[in-house]
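What follows is a short report on a single structure.
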2 protein chains.
Amino acid sequence: MTAPQITIDRVFQALGDPTRRALVEKLSQGPISVSQLAQPLSITLAAVVQHLQVLEASGLVQTEKVGRVRTCRLDATGFSLAEQWIADRRALWDRRLDRLGDLLAEPDAELR
Amino acid sequence: MTAPQITIDRVFQALGDPTRRALVEKLSQGPISVSQLAQPLSITLAAVVQHLQVLEASGLVQTEKVGRVRTCRLDATGFSLAEQWIADRRALWDRRLDRLGDLLAEPDAELR
DNA sequence: AGAATACTTAAGTCGTTATTTAACTAAAGG
DNA sequence: CCTTTAGTTAAATAACGACTTAAGTATTCT
């Protein structure tokens, strides 16, 4: 029951579900309890809890239970991971376009 | 058979699958053909083609067929959408933390 | 103490989706 | 032409994942 690995895999899989993204969008307005999260949604509280487990395991959400109410808030960890992955792909991709541009700009260049 | 809507939904759902992310990672090294994409993977060519359809529908990949070979390359559209969504959530979230910081910095502030 | 609240967990259902097989089309090459 | 190469498509299967129901635990309220 130790902290599960937070991976790009988990993050994107978590964000892949529309209901979970809805939870995240709600949470970006500020921390709230599980039942408050569930209330506007047309799904069971149990379903929300299960989504929260996924979101927490992916480092997108952090929760803390005090008394009988669990308060949920966004966690930057997962977001940073996702951003980083996209930025990395983009970087490689842009770099390639740059090199291509260089070559086109210098028609005399060796193409070996 | 017109161009399907590119939505955050499609983008994240597409990125949610590890095989598809592997394809994207390969493509960030540069444009290649479908069979070259499939070769290092332990799945059928047919499966790769289907993943490519998902990736293309989500605006992450662009393909062009010349002769009998289809060349695939990354497409910025989907990536920008994903980045934007994350940035938006982050923005709201950070703004909240800022306001909280302001309040804490001014213990005399009205909390109404 | 008893009732209501706020979750939690397990088990089952049902729809979606990743992947395969197989049969097909179209372009190159000999 | 005949064959190989490169990809496409459809149908079937099999695994996964979202959601529900139902029963349980721990707090708080009265």
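Because the structure is predicted, anything quoted here is derived from the model rather than measured. A note on names: the letters A, B, ... follow the listed sequences, proteins ahead of strands, and every chain is numbered from 1.
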Distance, rounded to the nearest Å, where Lys65(A) contributes NZ and dT5(C) contributes P: 16 Å
For atom CG of Leu55(A) and atom P of dG17(D), their distance in whole Å: 14 Å
Identified side chain to side chain contact (heavy atoms under 4.5 Å, CB included) partner of Val61(B) from the options Leu74(B), Val54(B), Asp75(B): Leu74(B)
N/O donor-acceptor pair under 3.5 Å between Arg20(A) side chain and Leu55(A) backbone: no
Interatomic distance, Leu52(A) CG vs dC19(D) P [rounded to whole Å]: 12 Å
Trp85(A) and Phe12(A) aromatic ring geometry - parallel, tilted or perpendicular at 30°/60° bounds: perpendicular
Interatomic spacing from CD in Gln29(A) to CZ in Arg89(B) - rounded to 0.5 Å: 9.0 Å
Phosphate OP1/OP2 of dC19(D) contacted by Thr44(A) side-chain N/O (<4.0 Å): no
d(CG, Leu45(B); P, dT20(C)) in whole Å: 11 Å
Check: Ala47(B) main-chain N/O paired with Thr44(B) side-chain donor or acceptor under 3.5 Å: no
Approximate separation, where rounding is to 0.5 Å, of Leu15(B) CG and Ser58(B) OG: 6.5 Å
Base versus backbone protein contacts along nucleotides 10-15 of chain C [heavy-atom cut-off under 4.0 Å; B, S, -]: B-----
Nucleic acid contacts of residues 30-39 of chain B, taken as heavy-atom distances under 4.0 Å to DNA chain D: Ser33(B), Val34(B), Ser35(B)
Most 5' of Thr71(B) and Asp17(A) on DNA chain D, judged by nearest nucleotide: Thr71(B)
Polar contact flag, side-chain donor to acceptor under 3.5 angstrom, Arg90(A)-Ser80(B): yes
Nearest-0.5 Å distance that lies between atom CG in Asp17(A) and atom CD in Gln13(B): 8.0 Å
Sort me out a list of protein N/O and nucleotides 25-27 of chain C N/O pairs below 3.5 Å, or just none if empty.
{"unit_1": "dA27(C)", "atom_1": "N3", "unit_2": "Arg68(B)", "atom_2": "NH1", "d": "3.1"}

Spacing of SG belonging to Cys72(A) relative to NZ belonging to Lys65(A), to within rounding of 0.5 Å: 11.0 Å
Gln13(A) CD - dT16(C) P separation (whole Å): 18 Å
Interatomic distance, Arg70(A) CZ vs dA26(D) P [rounded to whole Å]: 14 Å
Atom pair distance, as rounded to whole Å: CD in Glu56(A) and C1' in dC7(C): 14 Å
Min side-chain heavy-atom separation Leu27(A)-Arg73(A) under 4.5 Å: no
Sugar-phosphate, base or nothing in reach of Ile43(A), heavy atoms under 4.0 Å: sugar-phosphate
His51(A) side chain near dG17(D) phosphate (N/O to OP1/OP2, under 4.0 Å): no
Heavy-atom side-chain proximity of Lys26(A) to Leu41(A) below 4.5 angstrom: no
Between dC7(C) (C1') and Glu64(A) (CD): distance, integer Å: 16 Å
Within-4.5 Å side-chain heavy-atom neighbours: Val34(B) and Thr63(B): no
